[in-house]
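Here the structure comes first, spelled out in structure tokens, and everything after it is commentary.
Letters A, B, ... are given to chains in the order of the sequence lines, protein chains preceding strands, and every chain is numbered from 1. Treat the numbers as computed from the prediction; the structure is a model and nothing was measured.
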Amino acid sequence: MSPGRPTTIALDCMGGDHGPSEAVAAAAQLSIERPDFHLILVGDAVVIGPLLDELEYEPGRLSLRHTDEWVSMDESPAKAIAAKPNASVLVACQLVSDGRADAVVTSGNTGAAILAAARKMGRIPGVRRAALAAVTPTEKTHGPNDDPFALLLDVGATLSASGRDLVTFAIMGAAYAQAISGNPSPTVALLSNGTEAHKGPREVVEAHEMLANLSEVNFAGNVEGLDIPRGSVDVVVTNGFLGNVVLKMLEGIGEVISELANDAYARKFLWRFGLTMLSSGLRQIQQALDWEQYGGAPILGFVQPIIKAHGRSKARAIGNACKVAVKAARADMGREIERAVSRVPAPEEEGAHAT
Amino acid sequence: MSWRHIYRWDLDKTYLETDFESLRRLVLIAFEKPEEKTNVPGSASLLRELGRDHEDRDPSRVCIVSGSPRQMRRTLEKKLELDGVRWHEFHLKPQWENLRRGRFRAVREQVGYKLPLLLRSRLKTEDGGGVGETLFGDDAEVDAFIYSLYADVLAGRVTTDGLVRVLRAVGAYDDAVDKAAATAEKLDDDDCVERIFIMLDRRTPPGFFRPFGPRVVPIYNYFQAALVLFSGGHLTPEGVVSVTRSFLDAEGHSADDLANFFQDVVRRGHLPATAMQDLGLAVQELSGVPNEAEVIWKSVQKFSDLGASRRFLPPSPPPGGDYEALLAHLRSRHA
């Protein structure tokens, strides 16, 4: 962070399913509520300006950075980033790289966000692949703050990961849980189809072997899918393909439970009565499953923080993502991960299982 | 005597930080001593600078029109004296008379009080013809509406009949309507109101004032007003420095905050393309402001950040000029 400057978030306003209106609403609200940080709204100022003008905001805490290019959700990330040098996500990462902002928040195209971060902010030495880390609600609480969620990574940045990549993900996830949740020694596990060390695909078995010999990580072995909602460990490591499937399934279950409850409430008086009796408990479940409160997933592996908010994010979720970004910037997340990664000896056959 | 310019100011929430949201606060205000009253940051400095005499230039005229009761005259005048502000007219509301005559509507209603008074003031200003005006109000009541209507009556864009219709719609008493109409008849058409500054005390979204046209400039602080006034030739660079310094003394903003305030007023179209050059000229004198080089550099950055989206909206009246529609718009906010 630059000394003498308030913590500043570069907010890519052009991504996401809802367009710039939700990002602008989040920024306006934060500018009033949070005097401790500033926001730079990156995007088409011709669109963003009038949206902002219709809201209550504190002008001293936010500014605009105009660009008329952006990457839409359905574009090919590599092609779009190559063709649009002034894409909003690239400009946001450039602001961080130039020292004008401390972290990036985007709800846009995940692939484009990763490429933009790699191009403008650079990877942490020793990290070959980035990982998207999401929090998932759990039965058991975690860390000194009794957080009701665990960290799951990767949930979509790197579709297939080598054993070495999974080890790096484990180190990054643990460093993140230490810095953000204040958990001094988070337990880390690999997601597999059995708890035994030899279970799972080759890269999981390899990662298991490496992590078991690594004193820097509090490795708890393998966990199965059912251990994720139970919260058996603080950090669950997997590749981006499986992680994304798991995350979306958990979100889907939450939404289906909520819809079923609403449906039951409408159908029969007796069910309505029962649900009313259970309403306080159901509300707690609903709150735990509410992804908007968790604020977005950090893309780990870059020198400076970049937080990816859900594509469906509305103002509340984007606001929470900005708060996570501020926390990550203030905790000097990138440097913490760099320190953790540097303590791990480089493997003899570096790159052998790169995908 | 000829005048350079006329500056008309409201007091509560425009010049003074006045909290009359509760009855308790209202009572406390009545008993506040002059030295206990707090300025909106930068207001005293700005009003002093606008009223300052300059060699080889005609003096400017300061007219204060406040909705505070006449019983507060001594306290308020003393406060202005303490602030080193000079004024030529000071009007307060005859609240006691309103109560005594049973005109309860007039106690709260502002259009029927301020508009006839402003028109009379313009009529009575000797050698006032052709002299430009800049008006200062806030978003707590209906200042943007009163000032815009005043400006368009002077300019001849609102006819006497139109004025009467609007005054009746706001519930003004017949004698106030008659006085306003009679005065308006006597005034020559004069498109003299340059800008109307509205202090966003209640943080009303600035877009709410778009129907009033770009002549109305919603501002978050007097630093923003000083920049616009400097670009219009109303303030010297030293004047901008003085306002900025008193604003900073009161609120302690960082260089980033100032650069953001600057970008905000540029973005909303109230500063011309030469704003950066103007600011450069002004801040050359910023020797007393902390981190002046940082303020300049960051403002330059924020100015360029707007890129092709930058635009300037020259001051102009409400598009369409339908004051009955504007009244409905205003009431939607205050309802």
Problem - Contacts of type side chain to side chain donor-acceptor pair (under 3.5 Å), residue S242(B), not counting sequence neighbours - result: S45(B), E49(B)
Problem - Distance, nearest 0.5 Å, that separates CG of L62(A) from CG of D257(B) - result: 10.5 Å
Practice task
Quick one: which of G207(B), P218(B), A259(B) has the most heavy-atom pairs under 4.5 Å with chain A, could you say?
Solution key: G207(B)
Exercise for the section: For K327(A), look at atom NZ and say whether over 12 heavy atoms of other residues, nucleotides or ligands are found less than 6.0 Å away. Expected result: no
Problem - Choice from H253(B), R310(B), R268(B), Q224(B) maximising heavy atom contacts with chain A below 4.5 Å - result: R268(B)
Handout entry: Neighbourhood of chain B inside residues 26-40 of chain A, taking heavy atoms under 4.5 Å as contact
Key = I32(A), H38(A), I40(A)
Exercise for the section: Look up atom CG in L64(A) and atom CG in D305(B), then write down how far apart they are to the nearest 0.5 Å. Expected result: 8.5 Å
Exercise for the section: Provide the full list of salt bridge (Lys or Arg N to Asp or Glu O under 4.0 Å) pairs with a residue in residues 52-64 of chain A, sequence neighbours left out, each pair given once. Expected result: D53(A)-R210(B), D53(A)-R267(B), E54(A)-R210(B), E56(A)-R333(B), E58(A)-R203(B)
Handout entry: Per-residue contact mode, L55(A) against chain B (heavy atom under 4.5 angstrom)
Key = backbone
Exercise for the section: Check whether any side-chain heavy atom of Q301(B) sits under 4.5 Å from a side-chain heavy atom of D98(A), and report yes or no. Expected result: no
Handout entry: For chain B, which residues of residues 41-51 of chain A have heavy atoms nearer than 4.5 angstrom
Key = A45(A), V46(A), G49(A), P50(A)
Problem - Approximate separation, where rounding is to 0.5 Å, of R65(A) CZ and S309(B) OG - result: 10.0 Å
Practice task
Measure Y220(B) against the heavy atoms of chain A and call it side chain, backbone, both or neither at under 4.5 Å.
Solution key: side chain
Handout entry: Where F261(B) and G60(A) come nearest, the two heavy atoms and their spacing
Key = CE2-N, 3.2 Å
Practice task
Counting only heavy atoms closer than 4.5 Å, note whether D264(B) contacts chain A via side chain, backbone, both or neither.
Solution key: side chain
